[in-house]
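A, B, ... follow the sequence lines: proteins, then strands. Residue 1 opens every chain.
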Number of protein chains: 2
Amino acid sequence: MGTTQLETVPEPKYWHLKTVLSDALDSEFAVGEILPNERDLAARFGVARATLRQALEQLELEGRLQRRRGVGTTVAPPRVGVAVDPVSHTWPGAAGDDWQPVDAIESATVPAAVAGLLATAPGDPVHIVRRSRVTHGRPVAAELLYVLAEAVPGCPPAASLGAPARARAVLQELQTLELEGQDRTVELGSARAEDAKQLDRLPGAPVLVVTTRYVSGGRTTAVAVSTYRADTCRLTFGESDAAALLAS
Amino acid sequence: MGTTQLETVPEPKYWHLKTVLSDALDSEFAVGEILPNERDLAARFGVARATLRQALEQLELEGRLQRRRGVGTTVAPPRVGVAVDPVSHTWPGAAGDDWQPVDAIESATVPAAVAGLLATAPGDPVHIVRRSRVTHGRPVAAELLYVLAEAVPGCPPAASLGAPARARAVLQELQTLELEGQDRTVELGSARAEDAKQLDRLPGAPVLVVTTRYVSGGRTTAVAVSTYRADTCRLTFGESDAAALLAS
DNA sequence: TAGTGGTCTAGACCACACA
DNA sequence: GTGTGGTCTAGACCACTAT
C-alpha cells in the first residue's frame, strides 16, 4: 500500500502526560506554587490516578516537582549546585567544609563494600562518624565516615566521651595525618530509612551516593559514603569555585 | 498505660519485599540467573502484582536486577566503574578516550541550559556532535557535544561532508585549541527517547547526566552533556587510574 | 503462539499535615 | 475533621521476545 510510515508508536499515556505537565510547569506555574491535587488532575486529563502518578513521579525524579504527604504537590526550585570537593585534597572535617559532625557510632557493622575498600577483616576496629550537610538552610546530604581505628590511635575507642565529642575527636585527629591521595565514585541509590529521615524524605527516595576513598601511609585509611538528595541536588566538580556558582 | 513503644511503624509491603528479595539475591541467586516471572513471584509472596513490581523497580534502580520485556528478570552483575575523566584536561576526542563519534546534527535546537552555559544568543551557530561510549561491549553512555562554531572556523557549517565525517572534523579541530579549564556537574535525569534507544533502555529510564564545560580563550567554547545508564554504571573520579580499577 | 514485562483502570484504605 | 499524597488490590490489555 502507498501509506507512509504512520506514527505506529503508541506513546504511553504517562509519558505524554509528563510532557504536557512539563510544558505547563514552564509556562503557567511559578516556583513554589501548589498544583491541583492528584484526583483532580487525573480527572482533568481523563486518566486513572495511578497513571497520573506515574507522570508525577518522573517529574519529581527530574527535580521539577516536590510532593509532600498531607500537603500537596508544589513546583520545585531549580536544583542547587553542591560542590563535592570544595577544598581539594583535604581530610573530611578540615576548616571550611560545610559538613557538621552529628555523632559517632559504636560497634556498628561495616558494609561489605566499605570493608573491601578499607581492606579490613571482620572485627577490625573502625570509627564511624555520622555527618550532615546543610546548604541554603536545607539538608542535602547525610554521610557515614569510616576511619581505621589504628590510623587515629589518639582517639578513645570506648565510650569515654559522648558520641558528638568523639566524632569531633576523630575528625581532629585525621587532620594530623598526611593525605596522600583520594578518589571518588558516584552512583545512584535509594535512601535507607535512616538517611531518609535525615534528608527529610521517604525511605527509598533516589539519592546520589558519593564514595570517597582517602589514602594515607600507603593504604586506604578512611572511606566516606555520602548520600545526596537526587531530587534537589546537582553535584559539582571543578577546578575552581566557579563551578558551584555556575550551577546554581 | 505501661506499654512500651511498640513498632507502630507499619513498614510498607513493597519495602519489606525488597529487603526479602535483596537477601535472596545475595544468598540464592547467581549473576545472570533468571527469576520467576512477576505473576508467580507476586502469588508466592501473597501480594498484588503491582506491589511486587514496586519492589522490583527499586532493586532495578539500585542495579541489582535487570528486566527485559518479553524475556524476564535477571540478576544484574555489579555496576561497572567508568572513568569520567580518564585523561585530565583534554578536549573530547583526544587520543585515548573511549568515546566514538556517531554523527553531527544540523540545525538542532540548543537546550536553554546549554545555551546559558555557552552564553549564546538564539540563532548563533553551534556544532552538535553525537558520541557514544561503549565499555565491556555494552553501551554505557550517549553524549551530545555542543561546540561554538566560531571557535572551530575550519569546520564546514553546511552539509559539504557526511554527518560522521563532520563530527570527526569538529573533534579534530578542537584539539588545536588551548584548553584553559573545565568543570563538571552530575545530576539525576531520565532518558529521553533518543538516548534511551542508544542506551538500549526504555524512555524514562534513570540516567546520570554529566555536564562538562570546556573553557578556552577566556570563555566557554564547548559543553558536553553525557547521559550514563544509572542502573549499570558507577562513575569514577580520581587522580589515578586506580579509581577505575578499584570500582570494578 | 506462548510467555514475559509494560501500561492502565477503578476502586479502597492508610498515614500525615493542617486548621 | 478534612484533604493531601502513599500504598495496595484484582483485574485487563498491550508490546515485545523467543520458539
Sequence-distant partners of B/Gln54, side chain to side chain contact (heavy atoms under 4.5 Å, CB included), two or more places apart
B/Tyr14

Is there a Watson-Crick or G-U wobble partner for C/dA2 with both distances under 3.5 Å, and which nucleotide is it?
D/dT17

To the nearest angstrom, how far is A/Leu56 atom CG from D/dT4 atom P?
14 Å

Interatomic distance where CG belongs to A/Leu65 and P belongs to D/dT4 [whole Å]:
16 Å

Under 6.0 Å from the CZ atom of B/Arg68, do we count more than 12 heavy atoms belonging to anything else shown?
no

Can you tell me how the ring of B/Tyr228 sits relative to the ring of B/Trp99, calling it parallel under 30°, perpendicular over 60° and tilted otherwise?
perpendicular

Taking N or O atoms only and anything under 3.5 Å, show me the protein contacts with nucleotides 5-9 of chain C, one pair per line.
from: C/dG5; atom 1: OP1; to: B/Thr73; atom 2: N; distance (Å): 3.4
from: C/dG5; atom 1: OP1; to: B/Thr73; atom 2: OG1; distance (Å): 3.1
from: C/dG5; atom 1: OP2; to: B/Glu38; atom 2: N; distance (Å): 2.9
from: C/dG5; atom 1: N7; to: B/Arg39; atom 2: NH1; distance (Å): 3.2
from: C/dG5; atom 1: O6; to: B/Arg39; atom 2: NH2; distance (Å): 3.1
from: C/dG6; atom 1: OP2; to: B/Arg53; atom 2: NH1; distance (Å): 2.8
from: C/dG6; atom 1: OP2; to: B/Arg53; atom 2: NH2; distance (Å): 3.4
from: C/dG6; atom 1: OP2; to: B/Arg67; atom 2: NH1; distance (Å): 3.4
from: C/dG6; atom 1: N7; to: B/Arg49; atom 2: NH2; distance (Å): 2.8
from: C/dG6; atom 1: O6; to: B/Arg49; atom 2: NH1; distance (Å): 3.0
from: C/dT7; atom 1: OP1; to: A/Tyr14; atom 2: OH; distance (Å): 2.9
from: C/dC8; atom 1: OP1; to: A/Lys13; atom 2: N; distance (Å): 2.2
from: C/dC8; atom 1: OP2; to: A/Tyr14; atom 2: N; distance (Å): 3.3
from: C/dT9; atom 1: OP1; to: A/Lys13; atom 2: NZ; distance (Å): 3.0
from: C/dT9; atom 1: OP2; to: A/Ala48; atom 2: N; distance (Å): 2.8
from: C/dT9; atom 1: OP2; to: A/Thr51; atom 2: OG1; distance (Å): 2.4

Salt-bridge test for A/Asp97 and A/Arg131: reply yes if a basic N is under 4.0 Å from a carboxylate O, no otherwise.
yes

Does any N or O in the side chain of B/Arg79 come within less than 3.5 Å of the main-chain N or O of A/Leu188, such that one atom is a donor and the other an acceptor?
yes

